[in-house]
Amino acid sequence: MAPTKFRKFQSSDGEKVIEEEEKLCQETKELILSLPREKGWRTSYLYLFQGFWCQLKEIEAIHSFQKHFQAKDSDVLVATVPKSGTTWLKALTFAIVNRQHCSSFNKNHPLLTSNPHDLVPFFEYTVYGRHDKVPNLSNMCEPRIFGTHIPFASLPDSIKESNCKIIYICRNPFDTFVSSWFFVNKIKPKSLPTLALEEAFEMYCKGIVGFGPFWTHMLGYWKESIDRPNKVLFLKYENLKEDLNSHLKRVAEFLNCPFTLKEESDGVIENIIKVCSFETMKELEINKSGTFGRNFENRFLFRKGEIGDWVNYLSPSMVEKLSKVIEEKLGGSGLSFRVN
C-alpha cells in the first residue's frame, strides 16, 4: 500500500483532515506524511501507525505516551480490544483494587457517581490526550490503574520491563464487529454519512478498524500471557459472562490481592458483581446524562452487552467469510472462539 501525503482537498471531508493536521505538533505532522491511510469508521481516515490503524489525534497521544510514560511496579493496566467489555472490566478492576477503601457500596461510592473511564483513564484519550503538555503522574494514588486499546508491541518499554500487571480482555469477533458498528454510527460526526453494515464488515475483515487488525491485537497479548502469565492475564468476555465469580477471584489473585474467606462470606464478590453489572451501570445518572470528554455521551457505551447478538445482523455469507478470516489468522495459536 503506497503512503498517501496530505493535499489541499476542496471537499468538506478534506478540509476536516487539514484542520485536524494543523492541530498536531511538527514531529507528528512529519510522521504522518509517510503513513498509509484508509477511509475511517468515524473519522475521515485511519492511519497505519506501527502496524495498527488509528486516528490522527491518537497518533500524537500514543507517541507522547511511548516517549514519556514511566511505569511503576504497582501499576495496573486494563488493555482491551475496542468494544469487548472495556467499560465493564475497568469497573470490575477498580472495584477489586479499591475494595479496602470503598468497602461499602453506598450512594457515594466512586463507581456509582463516576463513569469507569473517568476512574480508569485511557492513556491515548485522557492521560496523553491533551496536546499542550505532558501530564505529571507522580502524585497519583497507588496502585495507579490505567486503560488502553494500544497493541502490546506498541506499549512503552517501561511497561514491558517493569513488574506492573496487565489485564486483557477480548470478545468473539462477530459480536465485537456488530457492537463496533452500532457504536460508531451513534458517535460519528453528523458531517459523515452513516457507515453501512456491509462496508464496515469488509473493512473489519481486512483488519481496517480502530487499533486493528483485531487478530494482531489479540495475538500480541495472547502470546505474552503464555510467555509471562504473571505479567499478562488474558480474559474472554464470554467466559466472564458465564462465570464472573470465579474470574473475579482469578483477577484478584493475579493482582496479588486475593479475596479473603471473610470477604467471600460477607458477600464482597457478589456486591462487586452487582454494582458493576450492565443493568446497574446503564441506569446510573452519570451514564445516562454524562459525557466521555467531548467525544460522546456515556449512554452510548451501553447497548445490550449480550453474547451472540451478531446472529441478528450478519448474513450466512458474512458468517462464512469472517469464520475463514478467524481460522486463517488465529488457527494454530491456541486462541479460538465459539461461533454457535
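Lys249 pairs by the side chain to side chain contact (heavy atoms under 4.5 Å, CB included) definition with Asn245, Phe259, Glu264, Ile269, not counting sequence neighbours. Under the side chain to side chain contact (heavy atoms under 4.5 Å, CB included) criterion, Ala153 pairs with no residue at all, not counting sequence neighbours.
Between the CG atom of Leu77 and the CD1 atom of Ile159 there is a distance of 5.0 Å, given to the nearest 0.5 Å. One finds the CE atom of Met318 at 9.0 Å from the NZ atom of Lys321 (value rounded to the nearest 0.5 Å). Atom CG in Leu248 sits 8.0 Å away from atom SG in Cys276 (nearest 0.5 Å). Asn239 CG to Leu244 CG: the interatomic distance, rounded to the nearest 0.5 Å, is 11.0 Å. The CG atom of Asn163 lies 11.0 Å from the CD atom of Glu161; values are rounded to the nearest 0.5 Å.
Contact between Ser315 and Ser317 at its shortest, heavy atoms only, is OG-OG, 3.0 Å. When all heavy atoms are compared, the tightest approach of Gly207 to Trp53 is O-CD1, 3.3 Å. Of all heavy-atom pairs spanning Asp243 and Ser246, the tightest one is OD2-OG, 2.6 Å. Considering all non-hydrogen atoms of both residues, Val134 and Ser64 come closest at CG2-OG, 4.2 Å. Minimum heavy-atom separation, Cys164 to Ala71: SG-CB, 4.5 Å. Residues Ile59 and Tyr47 share a closest heavy-atom pair of CD1-CB, 3.8 Å.
Judged by distance alone, with hydrogens and angles left aside, the side-chain atoms of Gln66 form a donor-acceptor pair with the main-chain N or O of Ser154 at under 3.5 Å. Between the Asp309 side chain and the Asp175 main chain, no donor and acceptor come within less than 3.5 Å of each other. Counting only distance, with no hydrogens or angles, the side chain of Ser114 and the backbone of Leu111 share no donor-acceptor pair below 3.5 Å. A donor-acceptor distance shorter than 3.5 angstrom exists from the side chain of Thr280 to the backbone of Lys274, with no hydrogens or angles considered. Between the Glu238 side chain and the Ile307 main chain, no donor and acceptor come within less than 3.5 Å of each other. Within the 3.5 Å criterion, the main-chain N or O of Val81 finds a donor-acceptor partner in the side chain of Ser84. Listed for the Ser323 side chain is a donor-acceptor partner under 3.5 Å among the backbone atoms of Val319. Using modelled atom types, one side-chain atom of Ser333 and one backbone atom of Leu330 make a donor-acceptor pair closer than 3.5 Å. Counting only distance, with no hydrogens or angles, the side chain of Trp41 and the backbone of Ile208 share a donor-acceptor pair below 3.5 Å. For the pair Ser265 (side chain) and Leu261 (backbone), a donor-acceptor distance under 3.5 Å is present.
A donor-acceptor contact under 3.5 angstrom links the side chains of Glu58 and Tyr125, judged on distance only. Checked by atom type, the side-chain pair Asn115/Asp118 shows no donor-acceptor distance below 3.5 Å.
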Apply side chain to side chain contact (heavy atoms under 4.5 Å, CB included) to the pair Leu335 and Lys236, showing each step before the final yes or no. CA-CA 10 Å; Leu335 177 59; Lys236 290 182 182 178; 3.7 Å; yes
Stepwise side chain to side chain contact (heavy atoms under 4.5 Å, CB included) test for Ile32 and Tyr45: CA-CA 12 Å; Ile32 59 178; Tyr45 295 101; over 6 Å; no
Kindly indicate, with the supporting measurements, whether the criterion side chain to side chain contact (heavy atoms under 4.5 Å, CB included) is fulfilled by Cys257 and Gln100. CA-CA 10 Å; Cys257 58; Gln100 299 300 328; over 6 Å; no
Kindly determine whether Glu38 and Lys206 satisfy salt bridge (charged side-chain N to carboxylate O under 4.0 Å, His left out), including the steps that lead there. CA-CA 11 Å; Glu38 291 284 349; Lys206 293 177 182 177; over 6 Å; no
Quick one, Thr80 with Val78, criterion side chain to side chain contact (heavy atoms under 4.5 Å, CB included). Give me CA distance, side-chain angles, the key distance, then yes/no. CA-CA 7 Å; Thr80 67; Val78 176; 4.1 Å; yes
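Using cut-offs of 30° and 60° for the angle between ring planes, the Phe69 and Phe65 rings count as tilted.
Using a cutoff of 4.0 Å between basic side-chain nitrogens and carboxylate oxygens, Lys39 and Glu199 are scored as salt-bridged. A salt bridge is defined here as a Lys NZ or Arg NE, NH1 or NH2 lying under 4.0 Å from an Asp or Glu carboxylate O, and Glu320 with Lys324 meets this definition. For Lys72 and Glu142, the salt-bridge test passes: some basic side-chain N is under 4.0 Å from an acidic carboxylate O.
With Ile96 as reference, Ile272 is the one residue of Val76, Val268, Ile272 to meet the side chain to side chain contact (heavy atoms under 4.5 Å, CB included) rule. With Phe152 as the partner, the ring-ring contact (aromatic ring centres under 6.0 Å, His included) test is satisfied by one option alone out of Phe234, Tyr221, Trp222: Tyr221.
Phe201 has its ring centre less than 6.0 Å from the ring centre of Phe177.
Both tests pass for Lys90 against the ring of Phe122: distance under 6.0 Å to the centre and angle within 45° of the axis.
In this structure, the side chains of Tyr313 and Phe182 come closer than 4.5 Å at one or more pairs of heavy atoms.
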Under 3.5 Å, which donor-acceptor pairs do the side chains of residues 210-217 form with other protein atoms, sequence neighbours left out?
unit_1: His217; atom_1: ND1; unit_2: Tyr168; atom_2: OH; d: 2.9
unit_1: His217; atom_1: NE2; unit_2: His149; atom_2: O; d: 2.5

